[in-house]
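As a basis for the values below, the full set of heavy atoms in this structure was taken, side chains included, without hydrogen atoms, waters or symmetry mates. When a ligand or atom number is given, it counts from 1 through the structure's own listing order.
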Amino acid sequence: MDNNHFDWSKTQFETRAIHDGQEPEETTGAVIVPIYQTSTYAQTGINQTKGFDYARSDNPTRSALHTAIASLEGGAWGLAFASGMAAITNILYLMSPGDHILMSDDAYGGTYRLIDKVLARYGVEYSMVDFSELEQVREGLRDNTKLLIAETPTNPYLKIVDIAGVAALLSDRYGSDLGGTALTKPLFVIDNTFASPYIQQPLAHGADLVVHSATKYLGGHSDVVLGLIAGNDDAIRENIKFHQNAAGAVPGPFDCWLVLRGMKTLGIRMREHSANAMRIAEWLKADPAVKEVFYPGLPEHPNHAVAKRQMREYSGMVSFTVHGGLESASRIVAAAKIFTLAESLGGVESLIEHPGEMTHASTAGSKAEVGPDLVRLSVGIEHIDDLLADLEQALEVGVPAGAAAD
Ligand SMILES: *Cc1c(COP(=O)(O)O)cnc(C)c1O
């Protein structure tokens, strides 16, 4: 809706999350953006509209969300999609047969599957490198590379990509101009799902596009599936918007509304997720059943210095390996009571899962395969004492005393 009369760009993140794109509605004064549950809009004459003609193309609840995500990511524009994968698909429509994609070797399983199983059939090549190693990124670039896509923190090992480092490497080699949709410089896309814009803003570090599964932290309550993109380049926006309208991967107005509502509390939630996760990472480190803890907030994390520079907090995702392999890991995820055994992440409630058998099963046999002794936590915002007690009993069941020595 175009009723933003106040310049929110001068205000802080928490204020923008609540207000930008979401001022009271003009006809009724409704404080909250209404759910415009309509598929079409009355025209005063042929093609004379109030900015909306058909709801696949746009919807006022959705446009409020576009303004909101652009504001939080510090981009010129935002777009909303039916899911995170729909958002990524619409970016990938920029690829043509013969183009090459460079992706990270511990990509989200669904992103890997889309590029490996779907895009490959359309003649788009890809290769994978460890994006936390700038030298590997440099060496991975090919003459036909048109797109780089990486997450940071990565999933499930929570490695950190130096976004400014990758951006500098690309501008050294290609200059600063994308060349519109011809992409004379490869498009650098950061999947910011694991951090959220409260914690890190990839566009400010030189990424060309930010993509989100808003299903996770932005929605924040495990009650909606939705995807978002933010960026600065207008030609890229037009291309993505054209393909969205052509192919139809649009979110419904209620889902947009749920994400708008979730985003209002993003700052306060991310601070709490991060504080709980830090305590749990420290606690896991001291448990004899645990082999290794992966959390970018730990000083000994190999990319901690980069994380400290580019992130405001370290988010709520913690992974760890345990003694006793698959059997131990399976017993732990089954024994947890407050941590619910489930895929996904980023909600207020804590979740636990086994990446090798669940979220990352589709990467088996590939370079992105994960170990059988790995457990991943999405740390929620319950009381820390209850979370620690639950993990303690689950580890006791999973790795009986004495078994901690493989
Ligand atoms: C969940 C997720 C996606 C896919 O998003 P959906 O909303 O499930 O389609 C993409 N990237 C990351 C990092 C994710 O966690």
For atom 12 (C) of ligand 1, what's the nearest protein heavy atom and its distance? Asp191 OD2, 3.4 Å
Taking N or O atoms only and a 3.5 Å limit, does Thr215 qualify as a polar contact for ligand 1? yes
Sub-3.5 Å donor-acceptor pair from the side chain of Ser319 to the main-chain atoms of Arg376, do we have one? no
Identify the closest protein heavy atom to atom 2 (C) of ligand 1: which residue and atom is it, and at what distance? Lys216 NZ, 2.5 Å
Subset of ligand 1 atoms that lie under 4.0 Å from at least one heavy atom of Gly84: 5 (O), 6 (P), 7 (O), 9 (O)
Name the closest protein heavy atom to atom 3 (C) of ligand 1, giving the residue it belongs to and the distance to 0.1 Å. Tyr108 CE2, 3.3 Å
Considering only heavy atoms of Glu151, which atoms of ligand 1 have at least one such atom less than 4.0 Å away? 13 (C)
The single option from His273, Met278, Arg271 passing side chain to side chain contact (heavy atoms under 4.5 Å, CB included) against Glu313: Arg271
Is any side-chain N of the basic residue among Arg138 and Glu135 closer than 4.0 Å to the acidic one's carboxylate O? yes
In ligand 1, the atoms that come under 4.0 Å of a heavy atom of Ser83 are 7 (O), 9 (O)
Minimum-distance protein heavy atom relative to atom 9 (O) of ligand 1: Met85 N, 2.8 Å
Taking the six-membered ring of Phe13 (Phe, Tyr or Trp), confirm whether the NZ or CZ of Arg312 is under 6.0 Å from its centre and within 45° of its axis. yes
Does Lys159 count as lying over the ring of Tyr295, i.e. NZ or CZ under 6.0 Å from the six-ring centre, within 45 degrees of the axis? no
Could you pull out every donor-acceptor pair under 3.5 Å between side chains of residues 117-126 and any protein atom, sequence neighbours left out?
residue	atom	partner	partner atom	Å
Glu125	OE1	Asn144	ND2	3.3
Tyr126	OH	Asp116	OD1	2.6

